[in-house]
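Scroll down for the structure; my scribbles are underneath it.
For clarity, every value in this text was computed on a predicted model and none was experimentally measured.
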Amino acid sequence: MVIPHDSMISGQHLEIERQQAPDGYRWLLRDLGSTNGTFVRLPRFRLRHNYELILGGNRFRVCLPGGAQVDLTESRSESGTRGWAAISREDLAVLAGPTLIQLDGDEEVTRISLSEDQVIGADRDQSQLAIDDPLLDDAHARLRRKSNGKWYIEDMESVNGVWVRVERSHTSQRCEFQLGEQRFILQVL
């Protein structure tokens with residue numbers, strides 16, 4: 001399928017493959033290395049460092065400590081001393097703690113520090129992370145760190161959902177996905 005009017009869709013963006021499963025068939029969505037990614041709507045998802053999300057009309061990147069390897073050592077000179085080394089902004093963010101980075105294209109707009117349990121939404125009375133966005137519900141999604149240290153995002157039955165950038169995703173019944181500015185539903189009958 002070709003969608004010529006959306007410049008955010010790559011020439012070869014996504015492959016959909018039917019696979020045999022023990023209880024019938026399942027479908028695999030596989031991003032083909034597209035520039036702008038494939039996003040799948042999910043009710044709950046475990047987050048990892050550098051995962052991208054779409055919430056309302058905004059795109060975010062998740063920065064989690066322990067998710068990236070930050071090398072603060074500089075190779076020693078023959079005299080055994082080390083020179084000063086600059087730390088990149090991304091490495092510094094990893095060291096500072098969990099952060100949600102609002103993006104505009106590839107450019108960083110805002111950094112939001114995360115606590116153990118926060119709601120993202122449009123209403124300041126219902127959300128700890130209130131964002132002025134008409135596409136967000138008042139209480140849209142919950143970001144939560146479990147006792148095992150793993151981070152999750154949960155959709156709070158929002159109208160527009162939580163979208164996660166994936167390289168691949170399996171489904172056996174129904175899947176909503178986004179390529180560029182287009183949203184699709186794969187419905188298995």
Side-chain angles (χ1 to χ4, degrees), residues 8 14 29 31 34-70 87-171 173-186:
M8 293 180 67
L14 176 76
L29 281 69
D31 186 89
S34 66
T35 302
N36 295 308
T38 298
F39 290 82
V40 175
R41 185 175 181 167
L42 298 167
R44 182 175 187 265
F45 192 77
R46 179 177 168 213
L47 296 173
R48 291 188 169 88
H49 181 67
N50 272 341
Y51 273 26
E52 289 185 29
L53 309 169
I54 295 175
L55 302 170
N58 292 284
R59 192 166 57 100
F60 298 91
R61 183 180 319 116
V62 178
C63 184
L64 300 176
Q69 299 299 320
V70 180
I87 299 174
S88 73
R89 186 176 175 130
E90 182 174 296
D91 288 346
L92 187 58
V94 170
L95 293 170
T99 309
L100 193 61
I101 302 169
Q102 186 176 6
L103 301 170
D104 181 9
D106 289 332
E107 298 296 316
E108 179 181 313
V109 175
T110 308
R111 286 182 173 263
I112 305 164
S113 294
L114 299 176
S115 64
E116 303 286 313
D117 188 354
Q118 290 176 300
V119 173
I120 299 172
D123 184 357
R124 294 190 188 286
D125 293 332
Q126 298 181 47
S127 306
Q128 291 82 25
L129 297 176
I131 299 170
D132 185 21
D133 181 347
L135 299 176
L136 283 177
D137 283 18
D138 290 343
H140 194 92
R142 178 182 303 276
L143 282 164
R144 181 180 299 177
R145 189 176 84 142
K146 301 285 185 164
S147 59
N148 62 6
K150 296 178 180 167
W151 284 85
Y152 291 85
I153 188 161
E154 299 171 37
D155 184 15
M156 297 179 70
E157 300 181 14
S158 65
V159 172
N160 292 316
V162 171
W163 300 78
V164 180
R165 185 172 182 167
V166 297
E167 291 182 21
R168 57 190 307 146
S169 180
H170 288 97
T171 187
Q173 297 295 319
R174 184 176 195 276
C175 177
E176 294 181 57
F177 61 96
Q178 178 172 326
L179 312 176
E181 295 181 341
Q182 311 305 308
R183 289 189 172 168
F184 301 90
I185 298 173
L186 173 65

- Of all residues at least two apart in sequence or in a different chain, which pass the side-chain hydrogen bond (donor to acceptor under 3.5 Å, both in side chains) check with T171? none

Distance, nearest 0.5 Å, that separates [atom1] of [X] from [atom2] of [Y]:
X	Y	atom1	atom2	result
R165	E52	CZ	CD	4.5 Å
R111	T99	CZ	OG1	6.0 Å
R41	D155	CZ	CG	6.0 Å
E181	N36	CD	CG	9.5 Å

- Indicate yes or no: does D117 engage R142 in a salt bridge with an N to O separation below 4.0 Å. yes

- Message: Please determine whether a side-chain nitrogen of the Lys or Arg among E116 and R145 lies less than 4.0 Å from a carboxylate oxygen of the Asp or Glu.
- Response: yes

- Give a yes or no on this: more than 12 heavy atoms of other residues, nucleotides or ligands lie within 6.0 Å of atom CD of Q126. yes

- For atom CZ of R124, is the number of surrounding heavy atoms from other residues, nucleotides or ligands below 6.0 Å larger than 12? no

- Going by atom types alone, do S158 and D137 pair a side-chain donor with an acceptor below 3.5 Å? no

- Item | Side-chain donor-acceptor pair present, D133, N58, cut-off under 3.5 Å | yes

- Steps toward side chain to side chain contact (heavy atoms under 4.5 Å, CB included) verdict (L29, V166): CA-CA 9 Å; L29 281 69; V166 297; over 6 Å; no

- Task: Cation-pi check, R44 to Y152: give yes when NZ or CZ is under 6.0 Å from the six-membered ring centre and within 45° of the ring axis, no otherwise.
- Result: yes

Would you call [X] and [Y] a side-chain contact if the rule is heavy atoms closer than 4.5 Å?
X	Y	result
I54	Q178	yes
R168	D31	no
V164	V40	no
F177	S169	no
F60	T110	no
S127	I120	no
R174	L186	no
S34	L14	no

Exercise: identify the closest heavy-atom pair between [X] and [Y]:
X	Y	result
E154	K146	OE2-NZ, 4.5 Å
A141	L55	CB-CD2, 4.4 Å
N160	L135	ND2-O, 2.8 Å
H140	G161	NE2-O, 2.8 Å
L103	R61	CD2-NH2, 3.7 Å
G97	P65	C-CD, 3.9 Å

Any side-chain to backbone donor/acceptor pair from [X] onto [Y]? Under 3.5 Å, distance only.
X	Y	answer
Q128	V119	yes
H49	L64	yes
Q118	S115	yes

- With Y51, which of W163, F45, F39 fulfils ring-ring contact (aromatic ring centres under 6.0 Å, His included)? F45

- Query: Run the side chain to side chain contact (heavy atoms under 4.5 Å, CB included) check on L100 and L143 step by step: do they pass?
  - Reply: CA-CA 10 Å; L100 193 61; L143 282 164; 4.1 Å; yes

